[in-house]
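Whatever order the structure lists them in is the order used to number ligands and atoms, beginning at 1.
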Amino acid sequence: MSTAALSRSAIRPEHPLAVRAVRHHRHRAPLLRPFVTAARRTECVEYVVAEVELNDGTIGQGSAAETVAVTGEDAASIAAALGGPLRAAVEGRRGTLRELTRAVAGAAPGASSARAALDVALHDAWARRLDQTLVELLGGRTGGQLPNDMTISLEDPDSMAQHAREAVAGGHEVLKIKLGGNIEEDRRRLRAVVEAAPHARLRLDANQGWSAPEAIRILDSFTAEGLPVDLVEQPVPAADIAGMARVREATDIPVMADESVWTAADARRIVAAGAADMLNIKLAKTGGIGEALAIADVALEAGLSCMVGAMMEPRISITAAAHVAFAHPAITTIDLDPPAWFSSALPFGGYAQPGGRLRLLGGPGLGLDRLPEDADPAPPG
Ligand SMILES: [Mg+2]
């Protein structure tokens, strides 16, 4: 065994990290087709990579994408948070992972996805320094696999049917259908998808697009028609917890909170109100891995299950989300298809999904190659 390997094996997870530098770079990736929800339409994603360098030269990366409609953050504000308060919170500091990620959590309020990028970069560097796979350090496993879904954007019924056919031909058994428009049109959309993909399991996502009475009416009609709907995500506006509880009470379709749950405190409020059967955890909302697992803890105690989802984010973010997904027993489903929308497949590694079933590939940290600064170049200026 080499001296380096010997000294590395002597490092323990609770040992402090010394952060030499925090850097960030901006990227821009065109999507293969427009991504459309009740809240937004996206054809090209601007994203920012956060990079942490430890004193021993170990480098970790995390990423965040602009999601103005959900987190209020664009690429410029993410870059400003990473280059300002977030960098100041940890650069030149020595501390345990817990101390450093707490410093990140306390800096840049309102910049949850920028915080998530740096939090993930710290976790990646931590696990690489220990020469272990992140999921295992989080208490999970590398060997598992979960069916990944494919999202069908909110478009006209014919386009949605065509995209559903393509997804099924590509090996996906689970489709996530974006609805949340006019409810008569939403009915036509879902019928078209069911005709095109009669054997697929369906997840619906209204992205806050219905009122509680509308949601109850449309979901009742789906149940009456016997459509294979496994869950409905965020049927009503995020703040309408009472309305979501009424929807849950009135329908047999499991209700999942997404835009209503950002933190463990939100999760406890939703549990107390009886407003959801499932919670959608996204690092861009929680601001990091610790809060994501804290939501899963709330769910486990209350008997709810969780999905790990993501914004339209690049592969580094999605790989981090996949490590979280395999780290907690309350997390039973994933919604991690964004890389399939990106025209570039960088960086390599992290995970694979033969036949639509996602599994981690292992390797140190997130198990990804380092994304070069000149990948998916952002326009100058
Ligand atoms: Mg959602």
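Among the backbone and side-chain atoms of E259, none of the N, O or S atoms lies under 2.8 Å from the Mg ion (ligand 1). Contact annotation: D335 places no N, O or S atom under 2.8 Å from the Mg ion (ligand 1).
The atom of D258 nearest to the Mg ion (ligand 1) is OD2, with the search restricted to N, O or S atoms. When the N, O or S atoms of D205 are ranked by distance to the Mg ion (ligand 1), OD2 comes first. The atom of E233 nearest to the Mg ion (ligand 1) is OE2, with the search restricted to N, O or S atoms.
Note: R248 CZ to I241 CD1 = 12.5 Å, rounded to the nearest 0.5 Å.
A salt bridge between R28 and D376 is absent, with no side-chain N of the basic residue lying under 4.0 Å from a carboxylate O of the acidic one. D156 has no carboxylate O lying under 4.0 Å from a charged side-chain N of R188, or vice versa, which leaves the two without a salt bridge.
The only option from R40, E233, E259 that meets the side chain to side chain donor-acceptor pair (under 3.5 Å) definition with N207 turns out to be E259.
Heavy-atom contacts from other residues, nucleotides or ligands closer than 6.0 Å to CD of E91 number more than 12.
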